[in-house]
Amino acid sequence: MASKLWEKSVQVNHDVETYTVGRDREMDLYLAKYDVLGSLAHIKMLESIGLLTADELSALTAELRKIHSEIEAGKFVIEEGIEDVHSQVELMLTRRLGDIGKKIHSGRSRNDQVLVDLRLFIRSEIEDIVHHITLLFKTLNEQSMRYRNVLMPGYTHLQVAMPSSFGLWFGAYAEALVDDLTVLKAAYEVTDRNPLGSAAGYGSSFPLNRTMTTRLLGFHSLDYNVVYAQMGRGKTERIVANAIANVAATISKLAFDACMFNSQNFGFIKLADEFTTGSSIMPHKKNPDVFELTRAKCNKLQALPFEISLITGNLPSGYFRDLQLVKESFLPAFDELKHIIDMVNAMMAQVKVNEHILDDSRYDLMFSVEEVNRLTREGMPFRDAYKKVGLDIEAGKFSPVKAVDHTHEGSIGNPCNEEIARLYRSVLESFDFETYHKAFSSLLNE
Ligand code: ARG
């Protein structure tokens, strides 16, 4: 028996099959439950335009729901010799329902099937990521409030520059996540459009009701033009990968700061012992390996949009098998990012800060601008005050008052954590996950 949907009289060469299937049987498991949801919507629509009877629809619906629960229970496999998830589901339906199973593919192609699977997968993964980012945001925002008054040196060129605070340090990374979330929202909007019905990339002579499948799958709108719908393959992944890369860049910078500030030469923060790792030769070592791996993993994630660009960049319009390879690095990226965020969240929640950094005189000069500003407030022109303090420093006569009085928005004395939290909430509330949850629940239960 032919094991491929498309095999007719000639059997394909075994090596060619191995080469072209590649890692699809493993990758498509990420998409399996979305493939079934896409089919549930597709058959409902086929029935509405007379391509399936009501009885056929209910038999197929019941069987697809059964397959969906098998997937949820971890019991679904793509069998040896079966090309991909789309073939496996159709095969299961045909085994269980005979000819009715063979009717499901009218008016679609695996090209729009995988397109819609990816969109549904990405939507729900973005929802997860948003949840994880929100937990990290809360931790950083709280730590900023807790350590609002603990001063630390700020650096430019890695040279001691001006007073900063742990309130500002933690709060900066919290605010970075507001922007990262904003970009993620844009990526979500691009994803939340229905490509189903574009078939092989040129539509179908069946009078498909694409508005209906759009509603059934809880999409906000559709990719109207069928050629553009197919052009979305690779493009959507690249846009989403860029959004992931922003989060990764934020966390990578945080990880570097944390490694550096944890070093004895800084001694600004201390990681709990159980969050550090030892050395096989040096008995005293407590290494920040978690942050080091975080940095490298985040840097890898930042390579993802480039990898996708290179795989897809020289393709004209229309489907190509090249697109299949995008799945291999794209699909696992979400679990990787979630894992990273969870570890960083745990680390940042327990990190201890040094409240006595400024007792060390090596940081005295960071108060030079405070002194210039004090003289300026007393009436001396800024340039004269600057010069006087500079000459005092050179003559060894500068002794700082280690207090700061910064009041403007976003400064040491006024870090605006509530405002930043409000900004975060407004982006968070702009996501609509409810519509697709309701749609999925109808497809699976009603
Ligand atoms: N595994 C394929 C992919 O991910 C599914 C689509 C196959 N379509 C085709 N025309 N060969 O792209």
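Ligands are counted one by one from 1 in listed order, and the atoms in each one are counted from 1 as well.
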Output, in order, the C-alpha distance, side-chain angles, deciding distance and verdict of ring pair (Phe, Tyr, Trp, His ring centres under 6.0 Å) for Phe261 and Trp169.
CA-CA 11 Å; Phe261 292 164; Trp169 184 62; 5.5 Å; yes
Distance-only donor-acceptor hits, side chain of residues 299-307, under 3.5 Å, sequence neighbours excluded:
{"unit_1": "Asn299", "atom_1": "OD1", "unit_2": "Ser252", "atom_2": "OG", "d": "3.0"}
{"unit_1": "Asn299", "atom_1": "OD1", "unit_2": "Gln302", "atom_2": "NE2", "d": "3.3"}
{"unit_1": "Asn299", "atom_1": "ND2", "unit_2": "Arg295", "atom_2": "O", "d": "3.3"}
{"unit_1": "Gln302", "atom_1": "NE2", "unit_2": "Cys298", "atom_2": "O", "d": "3.4"}
{"unit_1": "Glu307", "atom_1": "OE2", "unit_2": "Ser329", "atom_2": "OG", "d": "2.9"}

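- Taking the centre and axis of the six-membered ring of Tyr319, the NZ or CZ atom of Arg110 falls outside the cone set by 45° and 6.0 Å.
- No side-chain heavy atom of Arg123 sits less than 4.5 Å from a side-chain heavy atom of Glu127.
- Looking at Glu189 and Lys185, a side-chain N of the basic residue comes within less than 4.0 Å of a carboxylate O on the acidic one, giving a salt bridge.
- To the nearest 0.5 Å, atom CG of residue Leu40 and atom CD1 of residue Ile67 are 9.0 Å apart.
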Which protein N or O atoms sit under 3.5 Å from any N or O of ligand 1? Give each pair with its distance.
{"unit_1": "ligand 1", "atom_1": "1 (N)", "unit_2": "Asp24", "atom_2": "OD2", "d": "2.5"}
{"unit_1": "ligand 1", "atom_1": "1 (N)", "unit_2": "Gln324", "atom_2": "OE1", "d": "3.0"}
{"unit_1": "ligand 1", "atom_1": "4 (O)", "unit_2": "Arg233", "atom_2": "NH2", "d": "3.0"}
{"unit_1": "ligand 1", "atom_1": "4 (O)", "unit_2": "Lys327", "atom_2": "NZ", "d": "2.9"}
{"unit_1": "ligand 1", "atom_1": "8 (N)", "unit_2": "Asn111", "atom_2": "OD1", "d": "3.0"}
{"unit_1": "ligand 1", "atom_1": "10 (N)", "unit_2": "Asn111", "atom_2": "OD1", "d": "3.3"}
{"unit_1": "ligand 1", "atom_1": "12 (O)", "unit_2": "Arg233", "atom_2": "NH1", "d": "3.0"}
{"unit_1": "ligand 1", "atom_1": "12 (O)", "unit_2": "Arg233", "atom_2": "NH2", "d": "3.3"}
{"unit_1": "ligand 1", "atom_1": "12 (O)", "unit_2": "Tyr319", "atom_2": "OH", "d": "2.5"}

